[in-house]
There are 2 protein chains.
Amino acid sequence: MSRSYGQLCGLALALDVIGDRWNLLIVRELLVRPDGARYTDLRDGLPGVATNLLADRLRDLQHSGVVGREEPKPPVATPVFRLTEYGRALRPAVEALAVWGGERVPGSSGEQDFRSRWLVVPIEALLADHHPDDPAVRVEVRTGDEPVVVEVGGGEVHARAGRPQDRPDLVISGPPKAVLGVISGKLPIAVAADVGVEVSGDTTVVNRLGLG
Amino acid sequence: MSRSYGQLCGLALALDVIGDRWNLLIVRELLVRPDGARYTDLRDGLPGVATNLLADRLRDLQHSGVVGREEPKPPVATPVFRLTEYGRALRPAVEALAVWGGERVPGSSGEQDFRSRWLVVPIEALLADHHPDDPAVRVEVRTGDEPVVVEVGGGEVHARAGRPQDRPDLVISGPPKAVLGVISGKLPIAVAADVGVEVSGDTTVVNRLGLG
DNA sequence: CAGCATCCGCTTTGATACTG
DNA sequence: CAGTATCAAAGCGGATGCTG
């Protein structure tokens, strides 16, 4: 467990729980895996983490009630980690931080790891369904290690890793940084074509999402 | 400067900038001091920080564009630190974390430092003016080291350290933890009286703020 | 005194190796 | 697969010293 700030202040109390290095990234990883994650899923989604730290942090987060661990019943299987309701309540904070940090996407440099799944948080935080009465549509985002589906309709936007059931109405593909730049609103979609972002299908959906 | 996560992800990029210990608390301190703060103001508002760390972090935050430092012109005076616009953009994230952490206020224990000023963030994040067309009113919160004024009117709620110009319409006083518990919504105001919270004046303002 | 910088003991982190 | 063990390096907290 980490050292407490010892301050009677909501922010300080929050940081006492999730302020340690890697903790919020673990929460992110569990937010984008609503069905839960195994230890190795987490390790893969957190490139750079030392395995002992991951184990320590998971223990801490369990003790503070943010993460739950489900032991499997049948003979052979592996434990699954999942956010508790208390942990899911971190979503607004994670989104706000991700939006703020998205500002730095175009300028960021160096070796950067990427997982398509990470797009789920900024997509749901920043994109909106501006034509809620139109029929629902599906967008497929192709970049990085796996596709991401965005379901848009009824005024809501949901994203998850995977492929759409039906064929998508719109497909966006390109290099991860450019795609994330577009989602973060720092890279106008018109300019994005110059850095390899391709958009095909029903391009009115682009406006519907506010990516014009 | 801290070690980067090296991940192409808004959250990770945000944490690269403000993820180090004390950084977000420094941002909080500057958020509740909109006129800027001197080095010693910050040290007083951050009980427990080592002075070398405060100096280091202020340098880091300047380099990353979160904090600005204004050198005084006249012969003798001391530098003033202030959030840049980029730094002020952290407010939603700080509020979200403070709200989440507020959950722990009633259960928190041990030696806890407190500064009345810290109330400004949760007050503005959690209280609302539910009767925007009524005339503006002032609330004085008396707890901790100095009073805090809350100005309510026109659908907005603003808080700052200090006393109201005119005499307040409502006065709330009591021990810091109880007062913060009430603001955080975890301690019903009816129950708060048992732990020393006193409310005097125009108590309709309590409902107007949603503290009923 | 305000605003740091330096030093030192301790804790935390990160990389790798190892185990049930 | 899901961690534990080990150890060097970095970071933190506290005290103290320097400079205008």
Side-chain angles (χ1 to χ4, degrees), chain A residues 1-7 12 15-26 29-30 33 36-63 67-82 110-111 113, chain B residues 1-7 12 15-26 29-30 33 36-63 67-82 110-111 113:
Chain A
M1 199 82 85
S2 86
R3 183 186 184 87
S4 167
Y5 286 107
Q7 298 185 358
L15 294 175
D16 283 347
V17 177
I18 47 74
D20 269 9
R21 201 164 161 76
W22 293 106
N23 269 344
L24 268 188
L25 294 184
I26 292 174
E29 214 50 34
L30 291 171
R33 288 182 182 273
R38 292 166 302 170
Y39 190 86
T40 41
D41 295 331
L42 291 172
R43 216 178 34 182
D44 176 71
L46 296 163
V49 75
T51 176
N52 58 338
L53 276 192
L54 180 54
D56 284 355
R57 294 291 175 269
L58 282 170
R59 231 190 318 270
D60 293 347
L61 291 171
Q62 284 172 69
H63 286 135
V67 167
R69 174 186 159 133
E70 291 157 29
E71 222 60 51
K73 322 272 177 59
V76 280
T78 101
V80 168
F81 297 93
R82 207 184 300 265
E111 286 274 307
D113 290 297
Chain B
M1 201 81 84
S2 86
R3 166 177 266 256
S4 166
Y5 285 107
Q7 297 185 359
L15 293 175
D16 283 346
V17 176
I18 47 75
D20 269 9
R21 199 164 162 77
W22 293 107
N23 269 346
L24 268 189
L25 294 184
I26 292 173
E29 214 49 35
L30 292 171
R33 288 182 181 271
R38 291 167 302 170
Y39 189 85
T40 40
D41 296 330
L42 291 172
R43 215 178 34 183
D44 176 71
L46 296 164
V49 75
T51 173
N52 58 339
L53 276 192
L54 179 54
D56 283 356
R57 293 290 176 269
L58 282 170
R59 229 191 322 268
D60 292 347
L61 291 171
Q62 285 172 67
H63 286 136
V67 168
R69 172 185 161 134
E70 291 157 28
E71 225 54 56
K73 323 268 178 64
V76 279
T78 101
V80 168
F81 298 93
R82 206 185 299 264
E111 286 273 308
D113 289 297

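Letters A, B, ... mirror the listed sequences (proteins, then strands); counts begin at 1.
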Got a donor-acceptor pair under 3.5 Å from the side chain of Asp20(B) to the base of dG11(D)?
->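 Under the 3.5 Å cut-off, the side chain and the base do not form any donor-acceptor pair.
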
Are [X] and [N] close enough that a side-chain N or O sits under 4.0 Å from OP1 or OP2?
{"X": "Arg57(B)", "N": "dC12(D)", "value": "yes"}
{"X": "Arg21(B)", "N": "dG13(D)", "value": "yes"}
{"X": "Arg3(A)", "N": "dG11(D)", "value": "no"}

What I'd like to find out is whether the side chain of [X] reaches to under 4.5 Å of the side chain of [Y], using heavy atoms alone.
{"X": "Leu42(A)", "Y": "Leu30(A)", "answer": "yes"}
{"X": "Asp20(A)", "Y": "Arg57(A)", "answer": "yes"}
{"X": "Ile18(B)", "Y": "Leu61(B)", "answer": "yes"}
{"X": "Gln62(A)", "Y": "Phe81(A)", "answer": "yes"}

With sugar-phosphate meaning primed atoms plus P, OP1 and OP2, does Thr51(A) contact a base, only sugar-phosphate, or nothing at under 4.0 Å between heavy atoms?
-> base

Contact class for Arg43(B) vs. all strands (heavy atom < 4.0 Å): base, sugar-phosphate, or nothing?
-> nothing

Distance, rounded to the nearest Å, where [X] contributes [atom1] and [N] contributes [atom2]:
{"X": "Asn52(B)", "N": "dG13(D)", "atom1": "CG", "atom2": "C1'", "result": "8 Å"}
{"X": "Trp22(A)", "N": "dA10(D)", "atom1": "CH2", "atom2": "P", "result": "17 Å"}
{"X": "Leu54(A)", "N": "dC1(D)", "atom1": "CG", "atom2": "C1'", "result": "13 Å"}
{"X": "Glu70(A)", "N": "dC1(D)", "atom1": "CD", "atom2": "C1'", "result": "18 Å"}
{"X": "Arg38(B)", "N": "dG20(D)", "atom1": "CZ", "atom2": "P", "result": "21 Å"}
{"X": "Leu58(A)", "N": "dC1(D)", "atom1": "CG", "atom2": "P", "result": "16 Å"}
{"X": "Asp56(B)", "N": "dA10(D)", "atom1": "CG", "atom2": "P", "result": "16 Å"}
{"X": "Asp60(A)", "N": "dG3(D)", "atom1": "CG", "atom2": "P", "result": "14 Å"}

Is there a donor-acceptor pair closer than 3.5 Å between any side-chain N or O of Tyr5(A) and the backbone N or O of Trp22(B)?
-> yes

Ignoring hydrogens and angles, tell me if any N or O in the side chain of Asp56(B) forms a donor-acceptor pair with the backbone of Leu53(B) under 3.5 Å.
->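 Not at all, since once roles are kept as given, no pair shorter than 3.5 Å links the two residues.
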
Comparing Arg69(A) and Tyr5(A) on DNA chain D - which has the more 5′ nearest nucleotide |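 First, find each residue's nearest nucleotide; the 5'-ward one identifies Arg69(A).
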
Glu71(A) atom CD: more than 12 heavy-atom contacts under 6.0 Å = yes

First and last nucleotide of DNA chain C, 5' to 3', lying under 4.0 Å from heavy atoms of chain A =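 The footprint of chain A covers dT12(C) to dA17(C).
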
